[in-house]
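A quick write-up on the structure given underneath.
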Amino acid sequence: MIRIAAHSVFWAAALTLVAAPAFAQTVPAADIATAAQGIEADVIAWRRDLHAHPELGLAETRTAAFVAGHLREMGIEVREGVGRTGVIGVLRGTGSGLQHVVALRADMDALPVLEATGLPFASTATGTYQGQTVPVAHACGHDAHIAMLLGAARVLSEMKDRFAGTVVFIFQPAEEGVPPGEPLGGARLMIQDGALENPKVEAIFGLHVVPGRAGTVFYRPQGFMAASDRIDITLHGRQTHGAWPWRGVDVIAVAGQVIQTVNTLTARTIDPTTTPTVFTIATIQAGVRYNIIPDEAVMSGTLRTFDVAQRDDLVKRAEAAIDHVAEAYGATADFSIRQNAALVFNNEDLSAWLAPVLTEAAGEGNVNPAAPPTTVAEDFSYFQNEVPGVFYHLGGTADGVDPATAAPNHSPRFDVNEDVLVLGVKTHALSALRFLERE
């Protein structure tokens, strides 16, 4: 696993402070729990409103206005239009003590998915994706993320006289990959627009609802969620009649060999026990008629890795192998790669520090700080490239349902157990408070 090392003495000093577990509690966990429970109905209502009105990446105008309006009602400073449609809230504690700065992040975008949950507040919204009108749904849980972070903002704003320092609430657009035609995704856009500056953030925390027993929290130090790259391959051949394949260059045959080559490279040259790696070709577009071999085939896929050097080596070997396969058939290949998300790398010291804080929120036995890595990706990783951070998962499966068989994120039937929303409010609020309370 690769640590991202680009920070100066400032961050070394910050991590030394983080490693110290001692803090003088200004707000007991019981007070946070009571406050969170007291606004549960509001958090659920917010989630349902957002769920019924999903918006695609960089089109989250209603969502951003919803967030900004509620933050202002709480007396929190608001900056809009950060990273196009992102929103920043800044809450300054008025208590006495050290003036640390901590950030909490939630993502806001939805997916081009036709919802099939049957919920009374299910989405009927549509949006534009790749030039087409598509159904839109919060099939990944970002509606819950927004509601939980708004809940934490409410709780903390009502006790700002009890702590010192500053909490920055980051509501991020376009987490679900770089939108078509855009140069950057939401996290990088917000960083570019100064989301971590003025005030300068020292550490950042974020969460994601996933299938898992309701009430549980899990994460791991170092590499937790994979780096994600998009792969595009265009094969060029020579068109011919399907009855005379020898008179052309058959890109359909080449495409089949490319898929086998990619699968073999991954399965036979990478040790999955040390560095989990997934290389999937997921789309192929070629041809218009059953008896014409086309002159072009366009393929795309995803690469998920946990080691930067290994990823670079695999990409180099894959490009060379694909070129060789194409050449053997008399075809040519164009190969390109684009990163959607970097490796989610949880700072080791901060991860160890956070475990007892999350236990305050979730209770004994409900926090696993040594969970296995997962090959899904998250652009929260770009915030972690700038400041130390920890990203954790919150189990959100309905009671009585086996998480292993529950509808996964990005499924038309994905849903969030609303009983866990209060827990998300507590984990957010306590992680911020305890960081600010550090001596």
Shortest non-hydrogen contact between [X] and [Y], atoms and distance:
{"X": "Val201", "Y": "Val387", "answer": "O-CG1, 3.4 Å"}
{"X": "Ile322", "Y": "Ala333", "answer": "CG2-CB, 3.8 Å"}
{"X": "Ala362", "Y": "Val367", "answer": "CB-CG2, 4.0 Å"}

Regarding [X] and [Y], do their side chains bring together a donor and an acceptor under 3.5 Å, going by distance alone?
{"X": "Ser123", "Y": "Glu115", "result": "no"}
{"X": "Thr269", "Y": "Arg317", "result": "yes"}
{"X": "Ser228", "Y": "Gln339", "result": "no"}
{"X": "Arg220", "Y": "Asn368", "result": "no"}
{"X": "Ser336", "Y": "Arg338", "result": "no"}
{"X": "Tyr382", "Y": "Gln192", "result": "no"}
{"X": "Tyr392", "Y": "Ser431", "result": "no"}

Next item on the list: Hey, could you give me each pair passing salt bridge (charged side-chain N to carboxylate O under 4.0 Å, His left out) that has a residue in residues 159-168? Not counting sequence neighbours.
Entry: Asp31-Arg162
Find the distance between [atom1] ([X]) and [atom2] ([Y]) and round it off to the nearest 0.5 Å.
{"X": "Phe224", "Y": "Ser351", "atom1": "CZ", "atom2": "OG", "result": "9.5 Å"}
{"X": "Leu150", "Y": "Leu50", "atom1": "CG", "atom2": "CG", "result": "7.5 Å"}
{"X": "Thr85", "Y": "Leu58", "atom1": "OG1", "atom2": "CG", "result": "5.0 Å"}
{"X": "Leu149", "Y": "Trp46", "atom1": "CG", "atom2": "CH2", "result": "10.0 Å"}
{"X": "Leu423", "Y": "Leu430", "atom1": "CG", "atom2": "CG", "result": "10.0 Å"}
{"X": "His53", "Y": "Glu55", "atom1": "NE2", "atom2": "CD", "result": "9.5 Å"}

Heavy-atom side-chain contact between [X] and [Y] under 4.5 Å:
{"X": "Ser381", "Y": "Met225", "value": "no"}
{"X": "Arg48", "Y": "Glu418", "value": "yes"}
{"X": "Thr375", "Y": "Thr277", "value": "no"}
{"X": "Thr305", "Y": "Thr275", "value": "no"}
{"X": "Ile281", "Y": "Ile233", "value": "yes"}
{"X": "Pro199", "Y": "Val168", "value": "yes"}
{"X": "Phe169", "Y": "Val87", "value": "no"}
{"X": "His428", "Y": "Leu207", "value": "yes"}

Assess whether a salt bridge exists between [X] and [Y], defined as any Lys/Arg side-chain N lying under 4.0 Å from an Asp/Glu carboxylate O.
{"X": "Arg311", "Y": "Asp313", "value": "no"}
{"X": "Arg105", "Y": "Glu378", "value": "yes"}
{"X": "Glu80", "Y": "Arg72", "value": "yes"}
{"X": "Glu73", "Y": "Arg154", "value": "no"}
{"X": "Arg84", "Y": "Glu60", "value": "no"}

Check: Thr302 and Arg304: side-chain hydrogen bond (donor to acceptor under 3.5 Å, both in side chains), yes or no, with the steps?
Finding: CA-CA 7 Å; Thr302 185; Arg304 306 298 173 105; 2.8 Å; yes
Geometric class of the [Y]/[X] ring pair [parallel <30°, tilted 30-60°, perpendicular >60°]:
{"X": "Phe435", "Y": "His100", "result": "perpendicular"}
{"X": "His145", "Y": "His208", "result": "perpendicular"}
{"X": "His138", "Y": "His51", "result": "tilted"}

Check: For Val217 and His393, what are the C-alpha separation, side-chain angles and deciding distance, and is it a side-chain contact (heavy atoms from CB on, under 4.5 Å)?
Finding: CA-CA 6 Å; Val217 179; His393 285 173; over 6 Å; no
Please confirm whether the backbone N or O of [Y] pairs with a side-chain atom of [X], one donor and one acceptor, at under 3.5 Å?
{"X": "Lys426", "Y": "Ala33", "value": "no"}
{"X": "Asp109", "Y": "Glu175", "value": "yes"}
{"X": "Glu296", "Y": "His236", "value": "no"}
{"X": "Asn417", "Y": "Thr397", "value": "yes"}
{"X": "Asp107", "Y": "Gln172", "value": "no"}
{"X": "Asn347", "Y": "Pro388", "value": "no"}

Next item on the list: Go through the steps for Arg434 and Leu354 under the test side-chain contact (heavy atoms from CB on, under 4.5 Å), then give the verdict.
Entry: CA-CA 9 Å; Arg434 297 299 180 244; Leu354 186 61; over 6 Å; no
Next item on the list: For the pair Ile231 and Phe279, evaluate side-chain contact (heavy atoms from CB on, under 4.5 Å) and give the outcome as yes or no after the intermediate values.
Entry: CA-CA 9 Å; Ile231 307 294; Phe279 195 165; 3.7 Å; yes
Next item on the list: Report the C-alpha distance between Arg213 and Asp402 in whole Å, list the side-chain angles of each, state the deciding distance to 0.1 Å, and finish with yes or no for salt bridge (charged side-chain N to carboxylate O under 4.0 Å, His left out).
Entry: CA-CA 8 Å; Arg213 181 170 62 83; Asp402 181 356; over 6 Å; no
Notebook entry, point to check: Going through the checks in order, is the side-chain contact (heavy atoms from CB on, under 4.5 Å) test met by Phe205 and Leu350?
Noted result: CA-CA 10 Å; Phe205 301 100; Leu350 201 57; 4.0 Å; yes
Under 3.5 Å donor-acceptor pairs involving side-chain atoms of residues 409-416, not counting sequence neighbours:
| from | atom 1 | to | atom 2 | distance (Å) |
| --- | --- | --- | --- | --- |
| Asn409 | ND2 | Cys140 | O | 3.2 |
| Asn409 | ND2 | Val209 | O | 3.1 |
| His410 | NE2 | Glu176 | OE1 | 3.2 |
| His410 | NE2 | Glu176 | OE2 | 3.4 |
| Ser411 | OG | Arg413 | N | 3.1 |
| Asp415 | OD1 | Arg47 | NH2 | 2.9 |

Check: Going through the checks in order, is the side-chain hydrogen bond (donor to acceptor under 3.5 Å, both in side chains) test met by Thr283 and Ser300?
Finding: CA-CA 5 Å; Thr283 70; Ser300 67; 2.4 Å; yes
Margin query: If we check side chain to side chain contact (heavy atoms under 4.5 Å, CB included) with Ile146, which of these qualifies: Thr63, Val43, Asp49?
Written below: Thr63
Checklist line | Criterion salt bridge (charged side-chain N to carboxylate O under 4.0 Å, His left out) on Arg438 and Glu202, from CA distance to verdict | finding: CA-CA 12 Å; Arg438 293 177 301 112; Glu202 299 172 46; 3.4 Å; yes
